[in-house]
Amino acid sequence: MDYVDPHIHMVSRTTDDYETLAKMGCVAVSEPAFWAGFDRGTVDSFRDYFRQLTETEPKRAAQYGIQHFTWLCINAKEAENVSLSREVIAMIPEFLDKPNVLGIGEIGLNKNTKNESTIFLEHLELAVNHNQQILIHTPHLEDKYQGTRMILDMLCHDSRIE
């Protein structure tokens, strides 16, 4: 049976993992942007990461008959650096016309801070301005219920979001 993996981070996996996915019937993957295990320090590091998601990973996946789709954003774990986050958000439109980009994501909160909320709202603005779908990330570390409630409140207060 064929299947699609809706949430997988292939940039951190080996090519052998693509082979295994193909053997198990995977025909497509969806890869949200994520935190690399350390805070990146420049907009160019994100540009390189987005190139990997939009150029390298689709080619790696295609070798095994798998379509690779992606979402772009700066992850909530890195949103405390508001100035860098804004530079990244301003750069994302360079990639939105790539054929494997599904939208903006995974955006959301991590520790439910003011800076994370600010960057979440700025991601929403980007999505609205470029008619993009969004993929939401709920908090891992802090109060998941509170963070999810904060995300829903921000979404509900923006009449442009369906």
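Since we're looking at a predicted model, the values are computed, not measured.
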Same hydrophobic cluster for Val27 and Tyr64, using side-chain heavy-atom links shorter than 4.5 Å among ILVMFWY? no
Could you check if a side-chain atom of Thr118 sits within less than 4.5 angstrom of a side-chain atom of Glu122, using non-hydrogen atoms only? yes
Within the structure provided, determine whether Val11 and Glu57 are in side-chain contact (heavy-atom separation under 4.5 Å). yes
So which atom in Cys26 and which in Asp5 form the shortest heavy-atom distance, rounded to 0.1 Å? SG-N, 4.2 Å
Is the closest side-chain heavy-atom distance between His123 and Ile89 below 4.5 Å? yes
With a 4.5 Å cut-off on side-chain heavy-atom distances among I, L, V, M, F, W and Y, is there a chain of contacts connecting Val101 to Ile66? no
How many angstroms lie between atom CD of Gln52 and atom OG1 of Thr70, to the nearest 0.5 angstrom? 9.5 Å
Shortest non-hydrogen pair, Pro58 vs Asn100, comes out as CG-ND2, 3.3 Å
Is Lys23 paired with Glu19 through a side-chain N to carboxylate O contact shorter than 4.0 Å? yes
If we only count heavy atoms from C-beta on, is the Leu21 to Ile8 side-chain gap below 4.5 Å? yes
Should Leu124 and Ile134 count as side-chain neighbours, where that means a heavy-atom distance under 4.5 Å? yes
Going by atom types only, do Thr15 and Arg60 share a side-chain donor-acceptor pair under 3.5 Å? yes
Hey, does the Lys NZ or Arg CZ of Arg13 hover above the aromatic six-ring of Tyr18, less than 6.0 Å from the centre and inside 45° of the axis? no
Under a 3.5 Å cutoff, is there a donor and acceptor pairing between the side chains of Asn115 and Ser117? no
Taking all atoms of both residues into account, what is the closest heavy-atom pair of Ala79 and Ser85, and its distance? CA-OG, 3.5 Å
Looking at Arg149, I'd like to know if its CZ atom is crowded, meaning that more than 12 non-hydrogen atoms belonging to other residues, nucleotides or ligands lie closer than 6.0 Å. yes
Heavy atoms, side chains only, cut-off 4.5 Å: are Phe120 and Leu155 in contact? yes
Minimum heavy-atom separation for Cys73 and Ile92, please, with both atom names. CA-CD1, 3.7 Å
Following the transitive rule for hydrophobic clusters with a side-chain heavy-atom cut-off under 4.5 Å over Ile, Leu, Val, Met, Phe, Trp and Tyr, establish whether Phe46 and Val82 coincide in one cluster. yes
Is there a donor in the side chain of Thr113 and an acceptor in the side chain of Glu80, or the other way round, less than 3.5 Å apart? yes
Working to the nearest 0.5 angstrom, can you tell me the gap between Leu96 CG and Leu102 CG? 11.0 Å
Under a 4.5 Å side-chain heavy-atom rule over Ile, Leu, Val, Met, Phe, Trp and Tyr, are Trp35 and Val43 clustered together? no
Taking Lys77 first and then Glu116, would you say they form a salt bridge - that is, a charged N and a carboxylate O separated by under 4.0 Å? no
Evaluate the ring planes of Phe95 and Phe50, with Trp represented by its six-membered ring, and classify them as parallel (under 30°), tilted (30 to 60°) or perpendicular (over 60°). perpendicular
Mind checking whether Pro93 and His130 have side chains closer than 4.5 Å, heavy atoms only? yes
Between Asp44 and Tyr49, is there a side-chain heavy-atom distance shorter than 4.5 Å? no
More than 12 heavy atoms from other groups under 6.0 Å of CG on Asn131: no
Distance from Met91 atom CE to Leu72 atom CG, nearest 0.5 Å? 8.5 Å
Can you measure from CH2 (Trp71) to CD (Gln132) and round to the nearest 0.5 angstrom? 9.0 Å
Short side-chain donor-acceptor distance under 3.5 Å, His9 and Glu31: no
Between Asn81 and Leu84, is there a donor-acceptor pair closer than 3.5 Å when you use the side chain of the first and the backbone of the second? yes
Shortest non-hydrogen pair, Arg40 vs Phe34, comes out as NH2-O, 2.8 Å
Pro139 and Asn110: which non-hydrogen atoms are nearest, and at how many Å? CB-O, 3.4 Å
